[in-house]
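The structure appears right after this line, and notes come after that.
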Amino acid sequence: MKPPSSPGCTSLFLLPCILLAAVMYLVLFPDNFRLPAGMFGSSTSSSCNYNNGASAVGRLAAGGSPPTDEAVDLRLLMGIVTTPSTYERRALLRLAYSLQPRPVRAVVDVRFVMCRIEREEDRILVALEIIAHGDVVVLNCTENMNDGKTYAYFSAVPGLFAGDGERYDYVGKTDDDTYYRVAALAESLRGKARRDAYQGYLTPCHWLPEKQYMSGMGYVVSWDVAEWIAATPELRDDHNDWEDVNFGGWLRKGGRYKNVYNEEPRMYDYWDREMATDVNCFRHEHIADTVAVHKLKDRLKWARTLHFFNATQGLKPSKLYHVDLQNVYHV
């Protein structure tokens with residue numbers, strides 16, 4: 001028995017169906033059969049990409065490199081220590097930093113720093129980030145917090161970045177739960193020593209100076225200190241304490257603990273009135289001339305911090321959203 005005809009085109013009507021499909025395709029995709037930009041993403045680079053593929057967080061001179069008539073007198077490389085799977089945090093940091101005002105006469109380049117990527121899904125997804133943003137450094141180390149990652153980063157920096165145009169004056173390391181105000185950071189470094197420099201938040205605060213070190217929330221050293229670390233392989237296994245304690249110990253033992261700059265109270269841990277903990281020398285409310293806020297462990301702390309520093313001030317009124325997004329939070 002002959003099978004029943006399908007409800008689609010039979011051989012009798014095959015040619016008319018083909019012609020109809022062709023006409024519909026030309027109507028939907030008239031531009032030489034190319035998909036309209038934006039339907040599934042454009043083949044061109046994202047509007048956030050510049051400086052040879054580095055994203056806005058890659059070069060934190062918000063809006064691009066400094067104008068050609070503006071003399072740059074300070075260059076900083078900042079590494080944000082992260083792990084392969086923390087995609088949401090990196091996305092938040094890229095967004096938050098890209099909207100900051102551009103620092104004056106300064107270039108601040110930021111890279112996300114992680115160790116070898118082990119999981120299959122992370123290898124693919126981090127590769128997409130690298131293609132899209134160009135701001136990731138993958139070090140030859142096993143992922144860790146206090147077992148050598150800081151050494152791997154600082155020792156690798158001179159070899160990775162020394163040949164990229166102008167040499168950096170400073171190299172920094174920070175956590176991914178820290179929010180730096182980049183213009184304030186650049187100004188805090190301007191005029192400081194460019195040899196044996198060590199800048200950050202001294203902890204334990206108000207204690208014996210010979211026992212203090214810069215908090216791991218974020219610290220900056222001059223370029224020569226990074227070169228010294230790279231040339232001192234015995235530091236590789238000198239990590240029997242917290243990484244920030246170890247780092248301060250390296251500088252003392254190596255005679256590099258010289259030009260020390262404490263940014264208290266402009267660098268501090270997050271605090272608000274809803275928290276059960278008390279204010280102290282390293283934890284307090286936001287202040288206007290902040291350099292960095294630490295321990296932004298959840299979205300609400302990030303949102304309140306960004307709101308305090310007017311991160312949404314560029315938002316324009318629109319009929320597309322009926323909520324007053326500028327004033328949804330009040331301290």
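Just so you know, residue 1 is the first one in the sequence shown, and it goes up from there. Computed from a predicted model, the values in this text were never measured in an experiment.
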Margin query: Is the distance between the ring centroids of Tyr219 and Phe247 under 6.0 Å?
Written below: yes

Item checked: Student check: side-chain heavy atoms of Ser215 and Met267 closer than 4.5 Å -> no

Next item on the list: Starting from the C-alpha separation in whole Å, work towards a yes-or-no answer on salt bridge (charged side-chain N to carboxylate O under 4.0 Å, His left out) for Asp177 and Lys297.
Entry: CA-CA 6 Å; Asp177 64 343; Lys297 299 292 187 182; 2.7 Å; yes

Check: What do you reckon, is CD of Glu120 surrounded by more than 12 foreign heavy atoms closer than 6.0 Å?
Finding: no

Item checked: NZ/NE/NH1/NH2 to OD/OE distance under 4.0 Å, Lys173 and Asp175 -> yes

Note to self: Same cluster or not: Val81 versus Tyr87, using hydrophobic residues (I, L, V, M, F, W, Y) connected whenever any side-chain heavy atoms lie under 4.5 Å apart?
What the structure shows: no

Item checked: side chain to side chain contact (heavy atoms under 4.5 Å, CB included) assessment of Glu285 paired with Arg273 -> CA-CA 8 Å; Glu285 289 184 300; Arg273 295 186 180 95; 3.2 Å; yes

Checklist line | Given Gln199, Arg266, Glu263, the one that forms side-chain contact (heavy atoms from CB on, under 4.5 Å) with Leu185 | finding: Gln199

Notebook entry, point to check: Do you know which two heavy atoms are closest between Ala197 and Val225, and how far apart they sit?
Noted result: O-CG2, 4.2 Å

Checklist line | Flag side-chain contact, heavy atom, 4.5 Å: Asn146 against Asn144 | finding: no

Item checked: Considering all heavy atoms, the nearest Ala106-Ala186 contact -> CB-CB, 3.9 Å

Note to self: How long is the straight-line distance from SG of Cys205 back to CG of Asn280, given to the nearest 0.5 Å?
What the structure shows: 6.0 Å

Notebook entry, point to check: Passes side chain to side chain contact (heavy atoms under 4.5 Å, CB included), Arg75 versus Asp169? Steps please.
Noted result: CA-CA 5 Å; Arg75 296 178 183 273; Asp169 302 299; 3.8 Å; yes

Checklist line | Minimum side-chain heavy-atom gap Leu74-Arg194 below 4.5 Å | finding: yes

Notebook entry, point to check: Going by heavy atoms in the side chains, are Thr312 and Leu306 under 4.5 Å from each other?
Noted result: no

Notebook entry, point to check: Of the non-hydrogen atoms in Met114 and Ile117, which two are nearest, and what is the gap between them?
Noted result: SD-CD1, 4.0 Å

Check: Roughly how far apart are Asp269 CG and Lys295 NZ, rounded to 0.5 Å?
Finding: 5.0 Å

Notebook entry, point to check: Ala230 and Ser155: which non-hydrogen atoms are nearest, and at how many Å?
Noted result: CB-O, 3.3 Å

Check: Can a donor-acceptor pair be found between the side chains of Arg116 and Thr142 at a distance below 3.5 Å?
Finding: yes

Margin query: If hydrophobic clusters are built from ILVMFWY residues whose side chains come within less than 4.5 Å, do Trp223 and Leu160 share one?
Written below: yes

Item checked: Cluster overlap Ile287 with Phe282, hydrophobic side-chain contacts below 4.5 Å -> yes

Check: Hey, would you say the Tyr257 and Tyr198 ring centroids sit under 6.0 Å apart?
Finding: yes

Check: Of Tyr270, Trp271, Tyr268, which meets ring pair (Phe, Tyr, Trp, His ring centres under 6.0 Å) against His284?
Finding: Tyr268

Checklist line | Sub-4.5 Å side-chain heavy-atom contact between Thr203 and Tyr213 | finding: yes

Next item on the list: Tell me, yes or no, whether the heavy-atom count around Lys301 atom NZ, taken from other residues, nucleotides or ligands under 6.0 Å, exceeds 12.
Entry: yes

Check: Stepwise, does the salt bridge (charged side-chain N to carboxylate O under 4.0 Å, His left out) test hold for Asp135 with Arg111?
Finding: CA-CA 5 Å; Asp135 58 4; Arg111 297 292 182 267; over 6 Å; no

Notebook entry, point to check: When hydrophobic residues are tied together by side-chain contacts of less than 4.5 Å, even through go-betweens, does Trp302 share a cluster with Val110?
Noted result: yes

Next item on the list: Using the ring of Tyr261 (Phe, Tyr or Trp, six-membered ring only), decide whether Lys192 places NZ or CZ under 6.0 Å from its centre and within 45 degrees of its axis.
Entry: yes

Notebook entry, point to check: Which is it for Arg299 and Glu88 under the salt bridge (charged side-chain N to carboxylate O under 4.0 Å, His left out) test, yes or no, and what are the steps along the way?
Noted result: CA-CA 10 Å; Arg299 295 175 185 171; Glu88 181 182 349; 2.7 Å; yes

Check: Taking 4.0 angstrom as the limit, do Arg252 and Glu210 come out as a salt bridge?
Finding: no

Check: Does some side-chain heavy atom of Val220 sit less than 4.5 Å from a side-chain heavy atom of Met78?
Finding: yes

Next item on the list: Show your reasoning for whether side chain to side chain contact (heavy atoms under 4.5 Å, CB included) applies to Glu264 and His206.
Entry: CA-CA 10 Å; Glu264 182 190 348; His206 309 167; 2.7 Å; yes

Notebook entry, point to check: Hey, what do you get for CZ (Arg283) to CG (Asp272), rounding to the nearest 0.5 Å?
Noted result: 11.5 Å

Notebook entry, point to check: Less than 4.5 Å apart, any side-chain heavy atom of Arg89 and any of Thr82?
Noted result: no

Check: So if you build clusters from Ile, Leu, Val, Met, Phe, Trp, Tyr with side-chain heavy-atom gaps below 4.5 Å, do Val291 and Val104 land together?
Finding: no

Notebook entry, point to check: Can Arg195 and Asn259 be counted as having a side-chain donor-acceptor contact under 3.5 angstrom?
Noted result: no

Next item on the list: Quick one: do Tyr151 and Asp237 satisfy side chain to side chain contact (heavy atoms under 4.5 Å, CB included)? Show the steps, please.
Entry: CA-CA 9 Å; Tyr151 170 81; Asp237 299 317; over 6 Å; no

Notebook entry, point to check: Using a distance-only test with no angle check, is there a side-chain donor-acceptor pair under 3.5 angstrom linking His239 and Asn246?
Noted result: no

Notebook entry, point to check: Are a donor atom and an acceptor atom from the side chains of Thr305 and His286 found within less than 3.5 Å of each other?
Noted result: yes

Margin query: Between the side chains of Glu187 and Arg190, is the shortest nitrogen-to-carboxylate-oxygen separation below 4.0 Å, so that they form an ion pair?
Written below: yes

Notebook entry, point to check: Looking only at heavy atoms, which two atoms of Thr178 and Ala292 are closest? And how far apart?
Noted result: CG2-CB, 4.0 Å

Notebook entry, point to check: Any idea how Phe161 and Tyr168 line up, ring-wise: parallel (<30°), tilted (30 to 60°), or perpendicular (>60°)?
Noted result: perpendicular

Notebook entry, point to check: Parallel under 30°, tilted from 30 to 60°, perpendicular over 60°: which one fits the rings of Phe309 and Tyr179?
Noted result: tilted

Notebook entry, point to check: Which is it for Arg90 and Glu129 under the salt bridge (charged side-chain N to carboxylate O under 4.0 Å, His left out) test, yes or no, and what are the steps along the way?
Noted result: CA-CA 10 Å; Arg90 289 193 292 276; Glu129 286 186 78; 2.7 Å; yes

Notebook entry, point to check: Using 4.0 Å as the upper bound for N to carboxylate O, is an ion pair formed by Asp224 and Arg256?
Noted result: yes

Checklist line | Least distance between heavy atoms, Val113 atom then Lys149 atom | finding: O-NZ, 3.5 Å

Item checked: Glu234 and Lys253 ion-paired at < 4.0 Å -> no

Margin query: Is it the case that the ring center of Tyr180 lies less than 6.0 angstrom away from the ring center of Tyr97?
Written below: no

Notebook entry, point to check: Should the pair Asp196-Lys258 be classified as a salt bridge under the 4.0 Å nitrogen-to-oxygen rule?
Noted result: yes

Check: For residues Thr150 and Glu243, is any side-chain donor paired with an opposing acceptor at under 3.5 Å?
Finding: yes

Item checked: Atom CE of Met145 with >12 non-hydrogen neighbours under 6.0 angstrom -> no

